[in-house]
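Order of the sequence lines fixes the chain letters, A, B, ..., with proteins taken first and strands second; residue numbering starts at 1 for each chain.
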Number of protein chains: 2
Amino acid sequence: MSANPTTGEKILLATINLMAEKGYDSTTTKEIALAAGVNEVTIFRHFGTKEKLLEAAFNRFHYGNEMTKLFNEGLKGNLHEDLLTLSRTYHNIMNRNRKLISISLKGSSTLPDSVLQEASNNPKHLKNLLAEYLTTMSSQGKVVTSNPEIQALSFMWMNFGAFISRLNAKEAVSEETLNEFIEESVRLFTKALSP
Amino acid sequence: MSANPTTGEKILLATINLMAEKGYDSTTTKEIALAAGVNEVTIFRHFGTKEKLLEAAFNRFHYGNEMTKLFNEGLKGNLHEDLLTLSRTYHNIMNRNRKLISISLKGSSTLPDSVLQEASNNPKHLKNLLAEYLTTMSSQGKVVTSNPEIQALSFMWMNFGAFISRLNAKEAVSEETLNEFIEESVRLFTKALSP
DNA sequence: CACAAATGTAAGCAAGCACTTGCATTAAAA
DNA sequence: TTTTAATGCAAGTGCTTGCTTACATTTGTG
């Protein structure tokens, strides 16, 4: 089915770029072929159907569990520093995968299930890890003891909202604004969560 | 072009419901006609084109400047109470219009511009009003003096993220969880913003 | 060179799309 | 009752879609 990896990769990249802009349904195989500098038939010879094409693109470029690793290794027990690290890492990961996320957010009637779950699971995972972290910190007297689940949710949703806003904004929200936001919002949460 | 309002409304409602689920491109005029209990031609006799149909749906059901009114009248100068009112009203409005918002978020290659701007302008408007409010409160010594723009942005993005998460979640996030979130997050921000 | 695998080219198919046309039917207004 | 406007129905148009087939061309490998 595939021998020349370069051709396959070109197709996958073009797929991701186009679908991130226009969504799955509105992106045609003809467009993809044109963007990839490849004949349309080649796409079908490589991937069979349009659906399998998107699945291949997801499998190829999907980010692993980077956040989990971060929680296991990167945190030091200092609330302000840790929130900062979390926020920065989160936006890094999300930004690196923003096109895949954009595709799954736009959705479609015929989108593969594996792709669709992406969007909804995204914020939940981090929330659980953060809630555990806050519980631990609270038992050490480093954080107010109240509602770690909802506190984690608030922090998560704030960063998720920031990401989505940047994703859909016409005039790009500058990198600098993002950094300002991260620093100020972490400062806010640190003050709010400190005992 | 239109005489029987009931027929037109049925079409508009069916349009919104279907497009909120499947997006603009993937929703066919035949489906809309079926859902509205109307012949397909009737749609075109009423609205001309599919594009004008969606525009009409937006114009008919679009929420006015409810948030602006809220800022001019509903706030009392008590930080905690005001943030609570803001958050609650925001989620009310967003939830009431969640289908229209869903359509504009999904986007399309041929979506009317007027519709597209909806999604990106949405968070910005409230941010500006909230920033002004914080500035005023700060000059009265009721709020820390630092960066009202970014503080407002953080609050906005948090609520926006919460809304989007609920919008796309498979298992509905319960009304109760939302209320818990609103109360706890407002408490967090109140503490963080108090001098 | 010779052979095979990967790609290009051209043509087309069946289905679905938005949208149109012509005519019959209903029903409300005059 | 006559007229008029709104709708239904059936058929069809032109276009695009994902996908296929058959054959020619390139490209890398022994």
Grab the CD1-C1' distance between Ile32(B) and dG16(C) for me, whole Å please.
15 Å
Report yes if a side-chain nitrogen or oxygen of Thr28(A) is closer than 4.0 Å to either non-bridging phosphate oxygen (OP1 or OP2) of dT16(D); otherwise report no.
no
Lys30(A) atom NZ is separated from dG12(C) atom C1', nearest whole Å, by 12 Å
Spacing between Lys22(A) atom NZ and dT16(D) atom P, to the nearest angstrom:
13 Å
For Ile11(A) and dG18(D), what is the distance between atoms CD1 and C1' respectively, to the nearest whole Å?
15 Å
Expected rows: protein N/O vs nucleotides 20-27 of chain D N/O, under 3.5 Å:
none

For Lys50(A) and dA15(C), give me the distance from atom NZ to atom P, rounded to whole Å.
19 Å
Does Glu176(A), at its CD atom, have more than 12 non-hydrogen atoms belonging to other residues, nucleotides or ligands within less than 6.0 Å?
no
Under the salt bridge (Lys or Arg N to Asp or Glu O under 4.0 Å) rule, what pairs show up with a residue in residues 181-195 of chain A, not counting sequence neighbours?
Arg88(A)-Glu183(A), Glu184(A)-Arg187(A)
Within the structure, does a side-chain N or O atom of Thr29(B) lie under 4.0 Å from either OP1 or OP2 of dC17(C)?
no
Using OP1 and OP2 only, check whether a side-chain N or O of Thr7(A) sits under 4.0 Å from dT7(C).
yes
Those residues at least two apart in sequence (or on a different chain) that pass side-chain contact (heavy atoms from CB on, under 4.5 Å) with Asn78(B) are His80(B), Glu81(B)
What residues form a side-chain contact (heavy atoms from CB on, under 4.5 Å) with Thr49(B), not counting sequence neighbours?
Glu51(B), Lys52(B)
Of all residues at least two apart in sequence or in a different chain, which pass the side-chain contact (heavy atoms from CB on, under 4.5 Å) check with Glu73(A)?
Lys69(A)
With sequence neighbours left out, the residues meeting side-chain hydrogen bond (donor to acceptor under 3.5 Å, both in side chains) with Asp82(B) are Tyr133(B)
Closest approach to the side chain of Asn39(A), judged atom by atom: which nucleotide of dT7(D), dG8(D), dT9(C) is it?
dT9(C)
Overall bend of the helix from dC1(C)-dG30(D) to dA30(C)-dT1(D) (five pairs an end, 10° steps) is 10°
Is the shortest side-chain N to carboxylate O distance from Glu31(B) to Lys22(B) below 4.0 Å?
yes
Rounded distance in Å - CD1 (Ile43(A)) to C1' (dG8(C))
13 Å
Let me know the distance between CG of Asp25(B) and C1' of dA18(C), rounded to the nearest Å.
12 Å
Partners passing salt bridge (charged side-chain N to carboxylate O under 4.0 Å, His left out) against Glu149(B) (at least two apart in sequence or in another chain)
Lys127(B)
Calculate the interatomic distance between Tyr24(A) atom OH and dG18(D) atom C1'; express it in whole Å.
10 Å
Quick check on dA6(D): is either OP1 or OP2 less than 4.0 Å from any side-chain nitrogen or oxygen of His46(B)?
no
So, using side-chain contact (heavy atoms from CB on, under 4.5 Å) as the criterion, who are the partners of Ser185(B) when residues are at least two apart?
Ser154(A), Met158(B), Phe181(B)
